[in-house]
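In what follows, a structure is listed as structure tokens, so that the remarks can point back to it.
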Amino acid sequence: MRTTSFCRTAVYAVFLYCACSWAQEVQDLGTTEVSAPVSAGVAAAGAGYTEILPAAWEGKSLTAADLLSALPGVQAYKQGGLGSFQSVSIRGIAARNILICVDGVPLNDASGGAVNLSSIDLNQMEKVEVYKGNVPAKFGVSGLGGAVNFVTRNAVKRGGRVLAAYGTHNTWEGAFQVSSPVTDSVMFASSFATRHSDNDYEYTNRNGTQYNDDDDYTAIRENAQYTDVSGNVQFRMLHGNGYFSTLSVTASRFEGGNPGKEEQQTKVAKFVGESALLRYGLESAGYLDDRLFLAGGVSGRFDKNLSSTYYPLDHVGYGNSRFLQYGAATYKLVPEISAEFSPVNRLKTEARVAGEWERAEARGDSKDWALDRWTLLGSGDLYLQVFTYAGVGSEGSVQFLKDRLDDGVFVQPSGSRILEDAGERDATLSGRIYSRFGTSESPLSGEVSIGRFYQQPALMELYGTFPGALSNPDLKREKATRFEASGQFMFPGRRTSLRAAYFESHIEDGICWVISVELLRAENIARSLVRGAEFELNSSPSRFMDIVLRATFQKTEDRSHSNSYNGNMLPGEPARAYYAGATLHLPLHLDLAWVSEWRSVIYSDRANRMDQPAVATHRADLAYNPFEKTRLAFAVANITDETYRNFYTPFPMPGREYKFTIIQGF
């Protein structure tokens, strides 16, 4: 790898891109975002940003991970049915480096690592924002691999809806939303949602002999049930001076069984999670002829996860040793202020300053421990529309961290070490420069960018906050150099759009967990190169049909110094993935949708010894709208009953599933 040569080439490409843009005719633009036809509830503004609307998931058998993985460049990782651990990677960047937010507030995972997307109920959401190429200044520009922001339903207009669904394995869902004015200046909105599944699907039990098919038999998944409940209350208030504020409270709780391995199913092991978010925001009226807007707010979040270990437990659920529980609770407080300023029509700036306090504490049988992290974060974005069809911009962030051990001493859960001082953290700078061309009316538009990003280790990685994990306070921050170029072409008539993007990432000091005698320790040992291209075609050839075609081609290469890993594919990343979907708008208010997906072989480990074969899955949805605000939907997932499982995994996936949904608006 020649990083210096890569950077030189990328900078030259940016310069050439900008220079070519100077030849364009001058005319006021006002915005650089490009729009594409909304197809199946997905709208895009450039290849780096996608907005997903409820039409993409309502009445369909989709989890948050399923929904996101339908996009080009996004891969999902699942460990089973509803409620199992699920995450996504974006353009070859691992899930732990993806920023996951709800209403702009980063989610905490009390046990560390990637955010579990299965705990997010899409029935609570108004839309999902996916940022592949960058993290906007409003989120702090942190996260090597982009960001996903789930936006809850807000108090904007009067109305509401009720949703009820039932499906295979005693899977059911219920949701209720209402929004109504309280006074002329106060709007109220509230929502409630719940989900459940027994997850008692059939699977092939290999009886502990993976290489011998003679003793395999069909078994039923046990102790895999899952239930969650979530709710949201929001007040939106207009003040006399033109300001308006929003107060919202969101809470959720989930609980499920932990079934264990296929031939060692358990009876009593389980996991429980709780979270709550309180947020208040105040936004100003426009100053200086609406050129300056100010906003501020404060949010507080609480998360707790607690797991009952399933090792060692026998087949009837009685432990051969002391029954263990382990987990963590995290508290987070984030005050922030931000501003948008456009001194002239062609220049737009945005800045945000935020402070964060995060505290993690032990729960369950783990030895007492507590950690604190104080963060000061500044971020900004500047964009100059040089000509009508071209502009240049830059964005960046600076982050200062200070970790503190509880009372100056931290006892590891493993009991093997006592730490008296927290590791010093250097200031972190991240940023990128980019150039855009095109307008919302021009047939051709696009963007090219290069950036250098850093991400600090999580508290769990530094101090090993769960049993069996060892501390490593000397962990270095992860680094990535990323180059991306994307374009969009709108065909005449604007009923068809083609988007394409090339991406390349060089990652250094990647953090991996190293296992030694059943103990884990995080180390900076990973280097990798990811390069690839993604394509998306959206078309509405007639008012009776919508078509979506997506493809991802990528090469993910482990560049670590170890001979065991160098040159291998990164875990969970296929070389190719395809998506094809079509929706027919039939007479009698019927809609029929079909989706087919295929991905090539992936590996579950860095050594590339545990492979998951290529797999194709198909699903269909039939919806009927007898009245304006009534929708009935029937969905069939995994029509061919493909097991699509890893040969080595203890988490078999469900087969064919059915689901019926009714949605009534008012």
Check: E461/Y463 side-chain N/O donor and acceptor closer than 3.5 Å: no
Audit row: R279, E336, salt bridge (charged side-chain N to carboxylate O under 4.0 Å, His left out) steps and yes/no: CA-CA 11 Å; R279 179 178 175 84; E336 61 180 288; 3.7 Å; yes
Residue pairs fulfilling salt bridge (charged side-chain N to carboxylate O under 4.0 Å, His left out) with at least one residue in residues 424-434, sequence neighbours excluded: E395-R432, K402-E424, R432-E447
Residue pairs, two or more places apart or on separate chains, that pass salt bridge (charged side-chain N to carboxylate O under 4.0 Å, His left out) and touch residues 465-480: R96-E478, K476-D509, K479-D509
Non-hydrogen side-chain atoms of F254 and T227 separated by less than 4.5 Å: no
Axial cation check for F188 ring with R236, 6.0 Å and 45° limits: no
Atom of F150, atom of V128 and distance for their closest heavy-atom approach: CD2-CG2, 3.7 Å
Note, V249 side chain near F235 side chain (heavy atom, < 4.5 Å): no
Cationic N near anionic O, under 4.0 Å, R373 to E356: no
Any side-chain donor near an acceptor of the partner, R452 and T481, under 3.5 Å: yes
H239-S185 side chain donor-acceptor pair, cut-off 3.5 Å: no
Test salt bridge (charged side-chain N to carboxylate O under 4.0 Å, His left out) applied to E350 and K348, step by step: CA-CA 7 Å; E350 182 177 353; K348 181 180 179 181; 5.6 Å; no
Sub-4.5 Å side-chain heavy-atom contact between E255 and V272: yes
Min side-chain heavy-atom separation F139-L99 under 4.5 Å: yes
By side chain to side chain contact (heavy atoms under 4.5 Å, CB included) - contacts of I337 (at least two apart): V353
Ring centres under 6.0 angstrom apart (F176, F192): no
Salt-bridge criterion met for R482 and E484 (N-O under 4.0 Å): yes
Minimum-distance pair of heavy atoms, taken over all atoms of S394 and Y434: N-CE2, 3.6 Å
No-hydrogen, no-angle side-chain donor-acceptor test under 3.5 Å, T152 and Q124: no
Donor-acceptor side-chain pairing of D372 and W357 below 3.5 angstrom: yes
Enclosure of N241 CG (heavy-atom neighbours >12, cutoff 6.0 Å): yes
Any side-chain heavy-atom pair of L71 and V130 under 4.5 Å: yes
Taking every non-hydrogen atom, the tightest pair across G83 and N116: O-ND2, 4.5 Å
pair L475-I511: side-chain heavy atoms closer than 4.5 Å: yes
Worked verdict on E358 versus V334 for side chain to side chain contact (heavy atoms under 4.5 Å, CB included): CA-CA 9 Å; E358 182 177 1; V334 183; over 6 Å; no
Smallest separation among heavy atoms of I93 and G145, with atom names: CG2-CA, 3.5 Å
A175 versus N123, closest heavy-atom pair with distance: CB-CB, 3.8 Å
Exercise: do T63 and Q86 side chains pair donor with acceptor under 3.5 Å: yes
Polar contact flag, side-chain donor to acceptor under 3.5 angstrom, S89-Q75: no
Shortest non-hydrogen contact from E51 toward L53: OE2-CD2, 3.7 Å
Y287 and L294: CA distance, side-chain angles, deciding distance, side chain to side chain contact (heavy atoms under 4.5 Å, CB included) verdict: CA-CA 9 Å; Y287 294 105; L294 303 174; 4.1 Å; yes
Heavy-atom check, side chain of S299 versus side chain of L278, under 4.5 Å: no
Test side chain to side chain contact (heavy atoms under 4.5 Å, CB included) applied to V409 and I418, step by step: CA-CA 7 Å; V409 175; I418 296 177; 3.4 Å; yes
Intermediate values then yes/no, ring pair (Phe, Tyr, Trp, His ring centres under 6.0 Å), F293 and F341: CA-CA 7 Å; F293 293 89; F341 183 46; over 10 Å; no
Residues T349, D381; criterion side chain to side chain contact (heavy atoms under 4.5 Å, CB included); working and verdict: CA-CA 6 Å; T349 64; D381 187 354; over 6 Å; no
Y454-Q456 side chain donor-acceptor pair, cut-off 3.5 Å: no
Note: E340-K138 ion pair, threshold 4.0 Å (strictly below): no
Heavy-atom check, side chain of L282 versus side chain of Y243, under 4.5 Å: yes
Y226 side chain to D228 side chain, donor-acceptor N/O pair below 3.5 angstrom: yes
